[in-house]
Amino acid sequence: MTTRLLLLIAGGLAALFASIAVAVTIGPADISTADVWAAVTAHLGLGESTLPPLRDGIVWNLRMPRTLLAAVCGAGLALCGAVMQSLLRNPLADPFVLGVSSGASTGAVAVVVLGVGGGAVSLSAGAFIGALLSFGLVLALSHSLGGSTDRVVLSGVAAMQLFSALTSFTVLTSADADTTRAVLFWLLGSLTGAGWTDVLLCAVVLAAVLLVCLGHARTLDAFAFGEEAAAALGVRVTRTRLVLLCATALLTATLVSSAGAIGFVGLVLPHATRALTGSGHARLLPVTALAGAIFLVWVDTAARTVIDPQEVPVGVVTSLIGVPAFVAVLYRGRRKT
């Protein structure tokens, strides 16, 4: 299994690098992989760029950060989905089960529509604050109800509905048509305007959370047998659940604040990856992250090119692909049982 894991990771990394290199070349401007390589090496100080400034700017300032952010978001959402499904012992759990995306939406709408912050708070910052407020509400509510996994899920559903209602009410009562259209596009997931700051921030948080989750891989394996069995094996159930919930919520909030709510990545990819790795989390988590990165790179490429010059929200494309894929996973599980 160690050799198989190394092969899966090596193959996944190769596929990811190839996907990024090819995805950057796709678009209205005629860009080749040689142009991508020249721009990247020049900006990394490994050579001098031979590209015209306009072509270099398209590669380095527009397409490359957007493609890398898609990879980071895909990896992070898939990772959080795998952890949440195991931690909550719920195959339908995804990164948004804690109400983070709904809180982020409310925070973003409060900034864009209501002008909260007086211009000093950006849309991303407002979304991040809203996500943390929603997660804080879920923690407080689930703790007051006993703190069991089902109470966490129910608290997340309650928070999701509350903040979704607040978002809808704010948009309907305070936004004009243009603002409503812009907010809706962001709520459905959009990587438009991605910059290197977004890529760096999300990548750092992803790396930190991935290390935390890998450090708890054996603990997540124990959770598969239930909380009582995990406690009998020496797992500090309450502390571990809190650490992993906070870590995944932080990562989800960071990703949503940069890219909006992109659904189905964290729900479908973990189920698909288990067919390759099994249920052991030391194998499942890194491979799932790579699969999510590759998946969202190509989804974003399709979203920005399929009806060019218009752009489809990334969340719409992931749902169109994710629904039939998830149904296929369900039927496969039914045949096994």
Side-chain angles (χ1 to χ4, degrees), residues 5 8-20 22-23 66-87 91-97 100-101 189-191 194 198-199 202-214 217 220 244 247-256 258-279 281-303 313-326 328-329:
L5 175 61
L8 286 172
I9 292 177
L13 287 173
L16 176 59
F17 289 140
S19 298
I20 292 172
V22 174
R66 174 168 181 158
T67 305
L68 289 178
L69 184 60
V72 172
C73 288
L77 292 173
L79 172 68
C80 290
V83 173
M84 295 298 296
Q85 288 170 9
S86 300
L87 190 65
L92 298 179
D94 70 355
F96 304 140
V97 73
V100 173
S101 64
S190 173
L191 295 165
D198 299 316
V199 175
C202 293
V204 169
V205 177
L206 170 62
V209 173
L210 178 59
L211 290 176
V212 171
C213 294
L214 287 175
L220 287 170
L244 292 175
T248 53
L250 174 62
L251 178 56
T252 304
T254 304
L255 299 178
V256 171
S258 296
I262 302 175
F264 270 97
V265 178
L267 178 61
V268 175
L269 267 296
H271 290 290
T273 308
R274 284 189 183 93
L276 296 174
T277 65
S279 58
H281 288 82
R283 302 183 300 271
L284 175 66
L285 297 182
V287 176
T288 299
L290 285 172
I294 297 169
F295 174 74
L296 202 58
V297 165
W298 287 111
V299 166
D300 178 60
T301 303
V314 180
V316 172
V317 182
T318 57
S319 296
L320 290 174
I321 298 173
V323 170
F326 188 61
V329 170

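Residue numbers run from 1 in the order of the sequence given. None of the values given here were measured: they were computed from a predicted structure. Just so it is clear, the values below take in all heavy atoms, side chains as well, and ignore hydrogens, waters and symmetry mates.
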Report yes if some heavy atom in the side chain of T318 is under 4.5 Å from a heavy atom in the side chain of L296; otherwise report no. yes
Measure across S190 and V314 and return the closest heavy-atom pair with its distance rounded to 0.1 Å. CA-CG2, 4.5 Å
From T288, L284, L210, L290, residue fulfilling side-chain contact (heavy atoms from CB on, under 4.5 Å) relative to L79: L210
Minimum heavy-atom distance W298-A23, with the two atoms named: CH2-N, 4.4 Å
Over all atoms of both residues, closest heavy-atom pair of P270 and Q85: CB-OE1, 3.5 Å
Just how far is it from atom CG of L8 to atom CG of L13, taken to the nearest 0.5 Å? 11.0 Å
Should I262 and V299 be marked as a side chain to side chain contact (heavy atoms under 4.5 Å, CB included) after you check the CA-CA gap, both sets of side-chain angles, and the distance that decides it? CA-CA 11 Å; I262 302 175; V299 166; over 6 Å; no
Closest non-hydrogen atoms of T252 and V100, given as atom of the first, atom of the second and distance, are CG2-CG1, 3.8 Å
The side-chain contact (heavy atoms from CB on, under 4.5 Å) partner of S258 among L191, V72, D198 is D198
Side chain to side chain contact (heavy atoms under 4.5 Å, CB included) partners of S101, counting only residues at least two apart: F96, A261
If I take atom CG from residue L211 and atom CG from residue L285, how far apart are they, to the nearest 0.5 angstrom? 11.5 Å
About how many Å separate CG of L214 and CG of L220, when rounded to the nearest 0.5 Å? 9.5 Å
Between H281 and C213, is there a donor-acceptor pair closer than 3.5 Å when you use the side chain of the first and the backbone of the second? no
Identify the two heavy atoms, one from D300 and one from R66, that lie closest to each other, and give their separation to 0.1 Å. OD1-NH2, 2.8 Å
Heavy-atom side-chain proximity of I321 to F264 below 4.5 angstrom: no
Distance from L255 atom CG to C202 atom SG, nearest 0.5 Å? 5.0 Å
Determine the minimum heavy-atom distance between G12 and I294, stating which atoms define it. O-CD1, 3.6 Å
Can you check whether T277's main-chain N or O pairs, donor with acceptor, with R283's side chain at less than 3.5 Å? yes
